[in-house]
J.: 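One structure coming up, written as structure tokens, with questions to follow.
Just so you know, ligand 1 is whichever comes first in the structure, and atom 1 is the first atom listed for that ligand. Just so we're clear, the structure is a prediction, and the values are computed from it rather than from any experiment.
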Amino acid sequence: MSQGTGEPGLSIWARQIAPSPTLAVDAKAKALKAAGKDVCVFGAGEPDFDTPDFMKEACAKALRDGQTKYIATAGLPALRAAIAADYQARGFGEIKDTQVVVSPGGKFSCYLAILAVVSPGDEVVVPAPYWVSYPEMVKLAGGTPRIVFAGDETGFRLKPEKLRAAITPKTKLVILNSPSNPTGAVYPRVELEALVKVCVEKGVYILSDEIYEQLTYDGVKASSPATFSPEAARLTLTASGFSKTYAMTGWRLGTLVAPQKIASAVADLQSQTTSNATSFAQFGALAAYQQPDKARAAVAAMLQVFDRRRLLLWKGLNALPGVRCFRSEGAFYLFPNISALGLGSDEFASRLLDEELVALVQGSGFGADDYVRLSYATSDEVIQKGLERLGRFCARLAEKRKPAPVRA
Ligand SMILES: *Cc1c(COP(=O)(O)O)cnc(C)c1O
């Protein structure tokens, strides 16, 4: 670089990072709404419910009691102990409190987990459709994301042969996310076990993002790689948090449970970057463990509503011309295939917003341009109205795609 000419410029980290497309769509829809437009928003990546009262109350009490100072970097001791006990009860084997790190959000838990194990030159296998942040986080750690795709024909679930083929001597980590954002797919236990077996054989770490673990439907249960075997537990970093389960996205509270060496490294990384997650917020989260009946009831009530909306939207989407929609079993998203309509997902999403005032997220941001993501964390009324508008839009596109009538 020449000296004294112009400004030094941005780092490679800043230059290579893509802004979150989910948040961008949300911003555009909000701007239209603020301008008085009647927008049907399916973009939200958060529950539309409020945080359960008993958790808010516990947080407010902590504030009143003066819990407003720095606390232990890795989290409130009582909360770490409660999380450790919960994971232990869920079959994670013996989990010490020191293996738990409470962070400012599940997103940050994922990022620190990646920073703790990925060095420049390392490869990380990221199954697509992926959560938008994984590839960017890997790049921020200097690693190279290796994307492997599994479409709706296989229920958005990766086959072990494909995973095996994607792992090279440089692979350090595989990222799994079941239930998945954006697809809502949930791996049956046997299928997840097959993937984990490949990781154990190859000796690569697994980051299991289980933020939607409690949000499943149709009697399906999510399973956790770290519970499969002691070998799997030694290689698995489990990220989760409170945002989705308890409608607490604004609180910023995530968790990471990992083998001791990794948990300690993550706590050190956190100590030099953010310090502890908000002290009084952690008291609110602790209430979920201290009053488990209330916590269960709150989640069950939310799930019941989500489930009704899921089926309403899923049936509606499948009835649209040119649209094929996989029946999700978890989270609060549907991820229909729109490839038969002849538009890429960016054009589909932006024209839909302009022409019909419906906001959804283009699949391109998730590494899946044949799809779009709709969140059903919205009212039945918006779902119904949105489906009507989508119906008009898709009918126009499908009409255009029809071959010209053949003259006799
Ligand atoms: C929402 C989400 C997270 C984390 O959310 P936080 O608000 O940071 O806790 C992590 N992973 C996935 C896949 C998500 O959708």
J.: May I ask you to identify the nearest protein heavy atom to atom 2 (C) of ligand 1, giving residue, atom name and distance to one decimal place in Å?
T.: Lys244 NZ, 2.4 Å
J.: Quick one: which ligand 1 atoms are inside 4.0 Å of a heavy atom on Asn177?
T.: 13 (C)
J.: What protein heavy atom sits nearest atom 4 (C) of ligand 1, and how far away is it?
T.: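 It is Lys107 N, 3.5 Å.
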J.: What residue among Leu207, Asn177, Leu237, Leu256 forms side-chain contact (heavy atoms from CB on, under 4.5 Å) with Cys110?
T.: Leu207
J.: Inspect the contact between Glu388 and Lys385 and indicate whether a charged nitrogen and a carboxylate oxygen are less than 4.0 angstrom apart.
T.: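 No, no charged N to carboxylate O under 4.0 Å.
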J.: Do you know which of Val126, Ile211, Asp209 makes side-chain contact (heavy atoms from CB on, under 4.5 Å) with Trp131?
T.: Asp209
J.: Do Phe326 and Phe156 have ring centres separated by under 6.0 Å?
T.: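 Phe326 vs Phe156: aromatic centres under 6.0 Å.
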J.: Side chain or backbone, does Tyr134 bring an N or O within less than 3.5 Å of an N or O on ligand 1?
T.: no
J.: Any idea which protein heavy atom is nearest atom 8 (O) of ligand 1, and the distance to it?
T.: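 For this ligand atom, the closest protein heavy atom is Arg252 NH2, 2.7 Å.
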J.: Ignoring angles and geometry beyond distance, decide whether Tyr333 reaches within less than 3.5 Å of ligand 1 through its nitrogen or oxygen atoms.
T.: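 For ligand 1, there is no N or O atom that lies under 3.5 Å from one belonging to Tyr333.
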J.: Decide whether an N or O pair under 3.5 Å exists between Tyr212 and ligand 1.
T.: yes
J.: What about Thr249: any of its N or O atoms under 3.5 Å from an N or O on ligand 1?
T.: no
J.: Relative to the heavy atoms of Gly105, which atoms of ligand 1 are at a distance of less than 4.0 Å?
T.: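 Near Gly105, meaning under 4.0 Å from one of its heavy atoms, ligand 1 has 8 (O), 9 (O).
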J.: So, is the end of the Arg309 side chain (NZ or CZ) under 6.0 Å from the ring centre of Phe306 and within 45° of the ring's axis?
T.: no
J.: Checking a contact table here: which protein heavy atom is nearest atom 11 (N) of ligand 1, and how many Å away?
T.: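 Ranking protein heavy atoms by distance from atom 11 (N) of ligand 1, first comes Asp209 OD2, 2.6 Å.
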J.: Does Thr154 reach the main-chain N or O of Ala150 with its side chain, forming a donor-acceptor pair under 3.5 Å?
T.: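 Absent.
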J.: Around atom 9 (O) of ligand 1, find the nearest protein heavy atom and jot down its residue, atom name and distance.
T.: Gly106 N, 2.6 Å
J.: Step through it carefully: locate the ring centre of Phe54, locate the ring centre of Tyr246, and say whether they are under 6.0 Å apart.
T.: no
J.: Take the angle between the ring planes of Phe108 and Tyr111 and call it parallel below 30°, perpendicular above 60°, tilted in between.
T.: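 Phe108 and Tyr111: tilted rings.
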